[in-house]
**Q** 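This is the structure, below, for whatever I ask next.
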Amino acid sequence: NIKKCQDCLNFFDENAGRLLITQQVTSQTPGNSLKWRFLCLNCIRDWRRRGLKREGLEEEEILRILDIEFPLTPKD
């Protein structure tokens, strides 16, 4: 199943990303509204990298965590 990444706007196989639930607040939706968003693994890794960098982690540790949490290559 092909999905469009809501961050980089490229198309990917669904297995190359994740469907995430995000909160969307607009003037047209009263209260809190949840929205499904597809993000490719590269965009997810970029978001996570920025968060880990803000926490003060070194690049080597960031890459180790990213490879554990969001590996780009499937494990055997």
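What you see below is based on every heavy atom in this structure, not just the backbone, and it leaves out hydrogens, waters and symmetry mates. Note that this is a predicted model, so its numbers are computed, not measured.
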**Q** Once rounded to the nearest 0.5 Å, what's the spacing between atom CG of Leu72 and atom SG of Cys40?
**A** 9.5 Å
**Q** How many angstroms lie between atom CH2 of Trp36 and atom CD1 of Ile21, to the nearest 0.5 angstrom?
**A** 3.5 Å
**Q** What do you reckon, is CD of Glu60 surrounded by more than 12 foreign heavy atoms closer than 6.0 Å?
**A** no
**Q** Any chance you could measure Asp67, atom CG, to Ile62, atom CD1, to the nearest 0.5 Å?
**A** 12.0 Å
**Q** Identify every side-chain donor-acceptor pair in residues 4-11 under 3.5 Å, counting partners at least two apart or on other chains, and give the distances.
**A**
unit_1, atom_1, unit_2, atom_2, d
Gln6, NE2, Lys4, O, 3.2
Asp7, OD2, Trp47, NE1, 3.3

**Q** Measuring from Lys35:NZ to Leu20:CG, what's the distance to the nearest 0.5 Å?
**A**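 Going from NZ on Lys35 over to CG on Leu20, the span is 12.0 Å.
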**Q** When rounded to the nearest 0.5 angstrom, what distance separates OG1 in Thr22 from CG in Leu39?
**A** 8.5 Å
**Q** Return the CG to CD distance between Leu57 and Glu55, rounded to the nearest 0.5 Å.
**A** 6.0 Å
**Q** Heavy-atom distance under 4.5 Å between the side chains of Asn15 and Asn1, does that happen here?
**A**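 Asn15 does not reach Asn1 side chain to side chain.
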**Q** Between the side chain of Arg45 and the main-chain N/O of Leu66, is any donor-acceptor distance below 3.5 Å?
**A** yes
**Q** Applying side-chain hydrogen bond (donor to acceptor under 3.5 Å, both in side chains), name anything that partners Arg64, two or more places apart in sequence or on another chain.
**A** Glu61
**Q** Can you list the residues that meet the side-chain hydrogen bond (donor to acceptor under 3.5 Å, both in side chains) rule with Arg48, with sequence neighbours excluded?
**A** Glu69
**Q** Can you confirm whether Leu19 sits close enough to Glu14 that some side-chain heavy atom of one is under 4.5 Å from a side-chain heavy atom of the other?
**A** yes
